[in-house]
Q: 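After the structure tokens below, expect a handful of questions from me.
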Amino acid sequence: MAQIIVVTSGKGGVGKTTSSAAIGTGLALKGFKTVIIDFDIGLRNLDLIMGVERRVVYDFVNLINGDSNITQTLIKDKRVEGLYILPASQTRDKDALTREGVEKVLNDLSEKFDYIICDSPAGIEQGALMALYFADEAIVVTNPEVSSVRDSDRILGILASKSRRSEQGLEPVKEHLLLTRYNPSRVEKGEMLSVEDVSEILAVKLIGVIPESQAVLKASNIGEPVILDEQSDAGQAYLDTIERLLGNKVDYRFLSEEKKGIFKRLFGG
Amino acid sequence: MSDSTIELKGSGFTLSVLHLQSSNVAETCQALADKIKQAPQFFKMAPIVINIEKLDGAIIDFTELKQKLADLDVVPVGISGATDKQKSVIKAAGLACLNEAKSPTNKQSSDGPTQVRYERVEVPVEVKVPSYTPSKILRQNLRSGQQIYAKDSDLVIIGMVSNGAEVIADGSIHIYGQLRGRAIAGASGDESARIFCHKLEAELVSINGNYWTSEQLQDSVWGKAGYITLDGDSLSATELEI
């Protein structure tokens with residue numbers, strides 16, 4: 001049985017797809033057979049971030065409708081062993097996802113994989129609800145600003161009330177907070193919420209803090225998950241996040257301006 | 001007497017009563033004739049009682065009255081309001097003397113003993129019976145968009161209430177965590193309801209429809225443990241210290 005992890009946020013543009021790609025790749029680097037599913041039907045992005053856009057033949061909706069089988073639909077990553085991508089359909093909309101259809105695909109994948117990463121679309125509608133419904137764990141991606149924090153809070157509420165685990169009275173979805181685009185110097189100037197502020201407001205266990213980094217944009221544009229850029233601060237922060245996800249204790253880095261300054265000088269951001 | 005061919009029973013009827021104002025029979029009958037013309041069908045063979053109370057004991061020609069009424073096609077049932085002196089004349093004229101039942105408004109002290117019956121009447125009255133309803137207790141964080149209503153009871157939350165979350169109770173609200181959302185106590189009109197919380201940073205607090213937004217909370221117990229009460233029409237916030 002695979003562990004199903006949803007990467008969600010409520011708000012758009014906070015780094016869900018970047019984080020899904022990084023976390024999925026990171027788990028595969030650790031030797032776990034991992035599939036990343038793009039639930040953003042109609043606004044497909046994961047294939048670009050993963051650099052597999054030219055290899056998409058079938059998609060998630062085809063698989064749900066039985067037009068294709070798992071072997072045909074999954075795209076195997078060429079860089080990391082055991083990493084697969086299930087792309088979203090670009091020509092359909094979110095209503096194409098039915099609970100039964102998603103459940104069947106997840107059950108089939110569950111037999112073959114260790115981890116299933118569900119890259120949720122923004123919002124709290126059908127697409128996002130489908131992405132989080134079957135989750136065992138949730139990584140809530142939040143930027144250190146008030147609107148993102150509020151939307152994350154909303155999503156945490158939905159996880160606690162509308163997920164399969166809550167509806168069936170099972171053990172609740174395990175929630176993790178992933179703070180992205182963190183800029184320690186702006187936090188010090190009081191322009192950005194601090195890790196402590198966000199943790200206190202959301203009352204969810206922190207799993208990682210990803211610094212705002214040039215490396216993320218670069219990685220997206222070349223179609224390579226930022227976690228593979230081991231020299232970058234963001235890549236290292238994601239590697240730390242994977243360790244924590246696997247239950248290992250790792251000290252936080254990149255939380256203060258000083259340290260970030262060193263990395264900037266060493267690796268050029 | 002069950003084998004009797006007749007049976008006598010008392011009964012009440014509604015009859016028209018002609019009140020005589022003067023002892024001039026001809027004048028009276030002319031006035032009645034005019035009245036009858038307006039509704040001949042109503043008076044045709046109608047039983048009628050003549051009240052002579054206003055004549056103050058004056059003796060009139062009852063035989064003539066009886067005849068004139070018969071000519072007008074009304075049936076005189078009898079005479080009421082007669083003095084003892086008049087009664088003998090009335091009987092001689094072949095008319096009955098009637099004793100009018102006194103209406104309660106002009107009851108006189110000379111009335112006979114009155115029997116009053118008391119009856120037990122059950123009138124259903126809607127009374128809100130104060131019954132004990134256990135508090136609604138939640139051990140969870142309430143997130144933005146979530147809403148909890150404790151009907152007819154207090155609400156206890158062991159956790160926090162986020163911005164955009166709403167907690168409502170008909171009774172008091174106790175929050176053992178931060179209150180950043182909205183808390184509405186006394187939602188069904190209980191002005192003695194209170195809101196207690198571990199850390200007061202509410203968007204809005206309301207008791208029985210009187211509310212404060214976070215702006216008005218800023219200078220009182222913001223960020224501290226406190227409780228909100230309603231004094232008359234205004235809320236007040238007090239720090240929770242013992």
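Basis for what follows: all heavy atoms, side chains included, without hydrogens, waters or symmetry-related copies. In what follows, chains carry the letters A, B, and so on, assigned in the order in which the sequence lines appear, proteins first and then strands, with residues in each chain numbered from 1.
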Q: Please find the pair of heavy atoms, one from A:R154 and one from B:G145, that lie closest to each other, and give the distance.
A: NH1-CA, 3.5 Å

Q: Which bit of A:L202 comes within less than 4.5 Å of chain B, counting heavy atoms only: side chain, backbone, both or neither?
A: both

Q: More than 12 non-hydrogen atoms from neighbouring residues, nucleotides or ligands closer than 6.0 Å to CD on A:E137, yes or no?
A: yes

Q: Looking at A:R244, I'd like to know if its CZ atom is crowded, meaning that more than 12 non-hydrogen atoms belonging to other residues, nucleotides or ligands lie closer than 6.0 Å.
A: yes

Q: side-chain contact (heavy atoms from CB on, under 4.5 Å), that's the test. Do B:R180 and A:I201 meet it? Break it down for me.
A: CA-CA 9 Å; B:R180 295 202 180 89; A:I201 295 171; 4.2 Å; yes

Q: Using 0.5 Å steps for rounding, measure from the OG atom of B:S144 to the CG atom of A:D151.
A: 7.5 Å

Q: Does B:D233 have more than 12 heavy atoms from other residues, nucleotides or ligands lying within 6.0 Å of its CG?
A: no

Q: For chain B, which residues from residues 159-180 of chain A have at least one heavy atom closer than 4.5 Å to it?
A: A:S161, A:E175

Q: Could you look at B:N163 and say if it's the side chain, the backbone, both or neither that has a heavy atom under 4.5 Å from chain A?
A: both

Q: Please check this pair: side chain of A:D153 against backbone of B:R143, looking for a donor-acceptor N/O pair closer than 3.5 Å.
A: no

Q: Could you tell me whether the side chain of A:I158 reaches within less than 4.5 Å of the side chain of B:Q146, counting heavy atoms only?
A: no

Q: B:K199 versus A:E200: any side-chain heavy-atom pair under 4.5 Å?
A: yes

